[in-house]
Amino acid sequence: MIKEKKEIRHVETKAAEAPNVTLPEEVRQNALAEMYFAVRRALLTIREREDDPQSPPFFKTVAIDNGQFARIILGNNTEYEVAFPAIFIHYTNVRYLVQQQRIGEGRATMRVRFILNTLNNSDPEVETWPFEVFQRVNQAIQDAKDHEPALNERCQLLYFDMPTSTSMLQAYWVDYEVWFRETSAWKYRNWVERYLVMPPFTDHNDAPQHDSEGHGSHRSPTDREAIRIQPSVEGPDPELPEENGG
């Protein structure tokens, strides 16, 4: 009996790798914290010399008010070292709206207390200096509304108060009516990983492990051929001078 011999090949099949699944991640922002950070950035733009943007910040300390000033002016100072002039920010009368679909919105009073340490604060030359500092503080916060989303809802100046006792420190209050809104966003929603190649500045040879389609290296155009200067708006061609017939 003759038996046919056939080569039997065992093909190993690899299980298809499961694609990476990116789950959406909810990112929440605390409205009061974001508002504080926005005001802090605005106050740090105030410089010692208004005509020199490179001068050091006027306020040496900007922090949340948790009773630092009250501990400083005690008979025995129980507060850690604080650099002056200083600003402490305090929220009062924080309340939330409970109307339908507005649970995440609220109102509050933001108290900005700036503290100066001018020993000669009664001299005629400097006794009105706190009014100028107050103006600079308010102007910095108002200017920040143009680029700080946390202050877009409402940040309205309400009140300015002067100290009745000094103890070598002058603490002034500036109150603002602020509106805030709790927000959240989804990180990596419908996110798909892609590798972008933009010849001639990047090429497939920069990441050959991702060149699954074998594009290789693009020799043309070169960077010198790609970089050029041309007007964004085409203007009329200049009129050529007419030749005089002779």
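All residue numbers in this chain count up from 1 along the given sequence.
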Novice: Report yes if the side chains of Arg40 and Leu44 come closer than 4.5 Å at any heavy-atom pair, otherwise no.
Specialist: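 The answer is yes, as the side chains (C-beta and beyond) meet within the 4.5 Å cut-off.
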Novice: So, taking the atom named CZ in Phe134 and the one named CD in Gln139, what distance separates them when rounded to the nearest 0.5 Å?
Specialist: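 If I round to the nearest 0.5 Å, the distance is 11.0 Å.
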Novice: Which one of Arg111, Met110, Met35 satisfies the side chain to side chain contact (heavy atoms under 4.5 Å, CB included) criterion with Ile89?
Specialist: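 By the side chain to side chain contact (heavy atoms under 4.5 Å, CB included) criterion, Ile89 pairs with just one of Arg111, Met110, Met35: Met110.
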Novice: Is it the case that Arg136 places NZ or CZ above or below the six-membered ring of Phe58, under 6.0 angstrom from the centre and within 45 degrees of the axis?
Specialist: yes
Novice: With rounding to the nearest 0.5 angstrom, report the CG to CH2 distance, Leu151 to Trp179.
Specialist: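 Between Leu151 CG and Trp179 CH2, I get 14.5 Å after rounding to 0.5 Å.
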Novice: May I ask you to test the Ile115-Phe69 pair for a side-chain heavy-atom distance under 4.5 Å?
Specialist: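 Of all side-chain heavy-atom pairs linking Phe69 with Ile115, at least one is under 4.5 Å.
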Novice: So, Phe114 versus Phe84, ring centres under 6.0 angstrom or not?
Specialist: no
Novice: Flag the pair Phe131 / Met162 as yes when at least one side-chain heavy-atom distance between them is below 4.5 Å, and no otherwise.
Specialist: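 Side-chain contact under 4.5 Å: yes.
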Novice: Going by heavy atoms in the side chains, are Val112 and Phe88 under 4.5 Å from each other?
Specialist: no
Novice: So do the side chains of Leu97 and Arg107 get within less than 4.5 Å of each other, counting heavy atoms only?
Specialist: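 Side chain of Leu97 against side chain of Arg107, heavy atoms only: contact under 4.5 Å found.
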Novice: Decide, yes or no, whether a salt bridge links Glu153 with Lys145 under the criterion of side-chain N to carboxylate O below 4.0 Å.
Specialist: no
Novice: Which pair of non-hydrogen atoms, one from Glu148 and one from Ala38, has the smallest distance, and what is that distance?
Specialist: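 Shortest heavy-atom separation between Glu148 and Ala38 comes out as OE1-CB, 3.5 Å.
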Novice: If you look at every heavy atom in Ala31 and Arg181, which pair is closest and at what distance?
Specialist: CB-O, 3.6 Å
Novice: Determine, step by step, whether Thr61 and Ile87 satisfy the side-chain contact (heavy atoms from CB on, under 4.5 Å) criterion, reporting the C-alpha distance in whole Å, the side-chain angles of both residues, the deciding distance to 0.1 Å, and the verdict.
Specialist: CA-CA 6 Å; Thr61 301; Ile87 277 189; over 6 Å; no
Novice: Which pair of heavy atoms, one from Val94 and one from Phe180, lies closest together, and at what distance?
Specialist: CG1-CZ, 4.0 Å
Novice: For the residue pair Leu43 and Ile141, establish whether any side-chain heavy-atom pair is separated by less than 4.5 Å.
Specialist: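 Heavy-atom side-chain distance check passes, below 4.5 Å.
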Novice: Please report the C-alpha distance between Lys60 and Glu48 in whole Å, then the side-chain angles of each, then the deciding distance to 0.1 Å, and finally whether the side-chain contact (heavy atoms from CB on, under 4.5 Å) criterion is met.
Specialist: CA-CA 10 Å; Lys60 307 307 179 184; Glu48 291 182 353; 2.5 Å; yes
Novice: Do the side chains of Tyr176 and Thr109 get nearer than 4.5 Å, heavy atoms only?
Specialist: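 No, side chains not in contact.
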Novice: Is there side-chain contact between His147 and Arg41, with at least one heavy-atom pair below 4.5 Å?
Specialist: no
Novice: Mind listing the closest non-hydrogen atom pair of Ala63 and Gln68 along with its distance?
Specialist: CB-NE2, 4.3 Å
Novice: Verify, without hydrogens or angle tests, whether Tyr91 (side chain) and Leu32 (backbone) share a donor-acceptor contact under 3.5 angstrom.
Specialist: yes
Novice: Looking at every heavy atom in both Ala42 and Ala144, which two are closest together, and how far apart are they?
Specialist: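 Shortest heavy-atom separation between Ala42 and Ala144 comes out as CB-CB, 3.7 Å.
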Novice: Over all heavy atoms of both residues, which pair between Tyr172 and Pro130 is shortest? Give the atoms and the distance, please.
Specialist: OH-CG, 3.0 Å
Novice: Output the distance between atom CG (Asn138) and atom SG (Cys155), rounded to the nearest 0.5 Å.
Specialist: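 Asn138 CG to Cys155 SG: 8.5 Å, rounded to 0.5 Å.
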